[in-house]
Amino acid sequence: MKMLMIVFRSSLKDRVEELLQNCDVHAYTEIPETVGLGETGPAEGSSIWPGVNSVIMVALMDDHADRVGKEVKAFVEQGAQNKSWAKPPIRVFVWPCAQLV
């Protein structure tokens with residue numbers, strides 16, 4: 001199994017949920033309204049740095065996790081090909097996991 005942690009600007013929530021549905025992901029944990037600083041700049045939910053992030057964590061079998069990663073990567077690459085788009089503020093991290101209970 002693999003644990004995916006998907007960190008994204010909350011404005012992308014509908015698109016991320018669509019990606020997960022397209023990949024047959026039906027169960028995950030979301031941590032809404034997180035703040036932080038990354039490659040695309042601060043997301044602090046303040047008047048100076050508006051916007052917040054969300055974090056989705058999902059445990060999947062290896063091939064299923066790879067499928068989700070490929071779909072997110074394709075979404076980012078699609079944005080990079082369109083010169084009028086900015087790089088979408090989304091990142092996916094993965095590590096091995098095992099279910100104990």
Side-chain angles (χ1 to χ4, degrees):
M1 285 184 102
K2 292 181 179 177
M3 176 65 70
L4 295 180
M5 181 174 72
I6 307 168
V7 181
F8 57 95
R9 199 61 45 100
S10 293
S11 60
L12 294 175
K13 181 177 173 146
D14 290 340
R15 182 65 177 120
V16 171
E17 287 178 346
E18 180 182 324
L19 286 167
L20 293 174
Q21 283 183 337
N22 291 344
C23 291
D24 298 317
V25 174
H26 305 290
Y28 56 83
T29 298
E30 180 178 353
I31 306 166
E33 297 187 22
T34 60
V35 297
L37 172 67
E39 184 178 314
T40 59
E44 296 181 355
S46 69
S47 59
I48 297 172
W49 300 108
V52 292
N53 292 328
S54 289
V55 177
I56 287 181
M57 298 185 74
V58 57
L60 300 167
M61 299 307 291
D62 291 3
D63 58 336
H64 202 172
D66 294 342
R67 180 177 167 200
V68 173
K70 286 177 186 174
E71 287 292 320
V72 174
K73 189 173 184 178
F75 168 62
V76 171
E77 289 173 354
Q78 176 188 8
Q81 291 175 3
N82 188 333
K83 294 183 183 195
S84 64
W85 287 15
K87 184 176 181 180
I90 183 170
R91 301 292 180 269
V92 179
F93 304 92
V94 61
W95 60 89
C97 78
Q99 183 173 342
L100 296 177
V101 177

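Heads up: numbering here begins at 1 and tracks the sequence.
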**Request:** May I have the step-by-step check of side-chain contact (heavy atoms from CB on, under 4.5 Å) for Leu20 and Ile56, ending in yes or no?
**Result:** CA-CA 10 Å; Leu20 293 174; Ile56 287 181; 3.9 Å; yes
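Cluster membership for Tyr28 and Val16, using ILVMFWY side-chain heavy atoms within less than 4.5 angstrom, is shared. Under a hydrophobic-cluster definition in which Ile, Leu, Val, Met, Phe, Trp and Tyr are linked whenever side-chain heavy atoms come within less than 4.5 Å, directly or via other members, Val76 and Val25 are assigned to the same cluster. Residues Phe75 and Val58 share a hydrophobic cluster, clusters being chains of Ile/Leu/Val/Met/Phe/Trp/Tyr side chains in contact below 4.5 Å.
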Please output the side-chain donor-acceptor pairs of residues 91-101 that fall under 3.5 Å, not counting sequence neighbours, one pair per line with the distance.
from  : atom 1 : to     : atom 2 : distance (Å)
Arg91 : NH2    : Glu39  : OE2    : 3.4
Gln99 : NE2    : Val101 : O      : 2.8

Identify each donor-acceptor pair in which a side-chain atom of residues 3-14 lies under 3.5 Å from a protein atom, sequence neighbours left out, and give them as a table.
from  : atom 1 : to    : atom 2 : distance (Å)
Arg9  : NE     : Asn53 : OD1    : 3.0
Arg9  : NH2    : Thr40 : OG1    : 3.1
Ser10 : OG     : Val52 : O      : 3.2
Ser10 : OG     : Asn53 : O      : 3.3
Ser10 : OG     : Ser54 : OG     : 3.0
Lys13 : NZ     : Glu30 : OE1    : 3.0
Lys13 : NZ     : Glu30 : OE2    : 3.3

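Every residue meeting the side-chain contact (heavy atoms from CB on, under 4.5 Å) condition with Asp24, not counting sequence neighbours, appears here in chain and number order: His26, His64, Arg67.
Residues Met57 and Val55 are in side-chain contact: their nearest non-hydrogen atoms beyond the backbone lie under 4.5 Å apart. Considering only heavy atoms from C-beta on, Leu19 stays 4.5 Å or farther from Val68 through its side chain.
Atom CD1 of Ile90 is separated from atom NZ of Lys73 by 13.5 Å, given to the nearest 0.5 angstrom.
When the shell of 6.0 Å around CD of Glu33 is examined, it contains 12 or fewer heavy atoms from other residues, nucleotides or ligands.
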